[in-house]
Amino acid sequence: MKKGNDFFNDVYDVVRQIPVGRATSYGAIAAYLGQKRGARQVGWAMGSSYQEHDIPAHRVVNKAGELSASQLFETPTTMQERLESEGVKVDNNRIMDWDKVFWDPEKELI
DNA sequence: TGCTTGACGACGA
DNA sequence: CTCGTCGCCAAGC
């Protein structure tokens, strides 16, 4: 059986709980999972199979609120349009009011 | 088996 | 505030 898949499943579970109009960072998820230094692995895990799962990957951005994954979506603007559709303002691939939109699983999630 | 890359983060200039 | 460098972990070649 797989062994490191638990990390994947946990990442997906956290992402699914992200409320609409909010967003979180890879580092925050990694820290919530106890892998504070696994921020890159979070993005790698999702990018490897997020299409096979039903998770709002567009609500996950880097610590700077930048849509670094926008070009991995169907189109380079899909991620931005989806966020704006949920009420999140995006400017130059960066979330505006990031400090307000930021959703910390360690504090919001129990 | 070993080197390189990557949806990142923190620190310094 | 923006740019550049180093560090972490896992997968790919």
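Computed over heavy atoms, backbone and side chain alike; hydrogens, waters and symmetry mates excluded. In this text the structure is predicted, and so the values were computed from the model without any measurement. Naming convention: chains lettered A, B, ... in sequence-line order (proteins, then strands); numbering from 1 in each chain.
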How many Å lie between [atom1] on [X] and [atom2] on [N], as a whole number?
| X | N | atom1 | atom2 | answer |
| --- | --- | --- | --- | --- |
| A:M46 | C:dA10 | CE | P | 18 Å |
| A:R94 | B:dA7 | CZ | C1' | 16 Å |
| A:R37 | B:dC11 | CZ | P | 11 Å |
| A:Q41 | C:dG7 | CD | C1' | 12 Å |
| A:I29 | C:dC9 | CD1 | C1' | 16 Å |
| A:N92 | C:dT2 | CG | P | 10 Å |
| A:L33 | C:dC8 | CG | C1' | 16 Å |
| A:Y32 | B:dC8 | OH | C1' | 21 Å |

So [X], base contact, sugar-phosphate only, or nothing? Heavy-atom distance under 4.0 Å.
| X | value |
| --- | --- |
| A:A57 | base |
| A:S70 | nothing |
| A:V60 | base |
| A:G27 | sugar-phosphate |

Quiz item: Considering only heavy atoms and no angle criterion, is a donor-acceptor pair shorter than 3.5 Å present between the side chain of A:R40 and the base of C:dC8?
Solution: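 Flag set: donor-acceptor pair detected.
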Quiz item: Closer than 4.0 Å, any side-chain N/O of A:S68 to the OP1 or OP2 of B:dC8?
Solution: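 So the side-chain polar atoms of A:S68 do come within 4.0 Å of the phosphate oxygens OP1 or OP2 of B:dC8, strictly under.
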Self-check item: Pair A:E86 + A:R59, salt bridge at N-O below 4.0 Å
Solution: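 Yes, this pair counts.
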Quiz item: Between atom CZ of A:R16 and atom NE2 of A:H53, what is the distance when rounded to the nearest 0.5 Å?
Solution: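 Taking CZ in A:R16 and NE2 in A:H53, the distance rounds to 7.5 Å.
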Exercise. Kindly point out which of C:dA10, B:dG9, B:dA7 is positioned nearest to the side chain of A:W44?
Key: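 Out of C:dA10, B:dG9, B:dA7, the nucleotide with an atom closest to A:W44's side chain is C:dA10.
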Report yes or no: does [X] contribute a side-chain atom to a donor-acceptor pair with the main-chain N or O of [Y] at less than 3.5 Å?
| X | Y | value |
| --- | --- | --- |
| A:S48 | A:W44 | yes |
| A:T24 | A:W103 | yes |
| A:Y12 | A:Y50 | no |

Quiz prompt | Earlier contact from the 5' end, DNA chain B, for A:K36 and A:A69 | solution =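 Looking at the nearest nucleotide for each, A:A69 comes out on the 5' side.
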Quiz item: For DNA chain B, what dot-bracket results from Watson-Crick or G-U pairs at under 3.5 Å, with [ ] for crossers and | for inter-strand partners?
Solution: .|||||.||||||
Self-check item: Residue pair A:N93 / A:S70, side-chain donor-acceptor N/O under 3.5 Å
Solution: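 Yes.
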Quiz prompt | A:K107 to A:Y32, cation-pi by 6.0 Å centre distance and 45° axis angle | solution =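 Not satisfied by the 6.0 Å and 45° rule.
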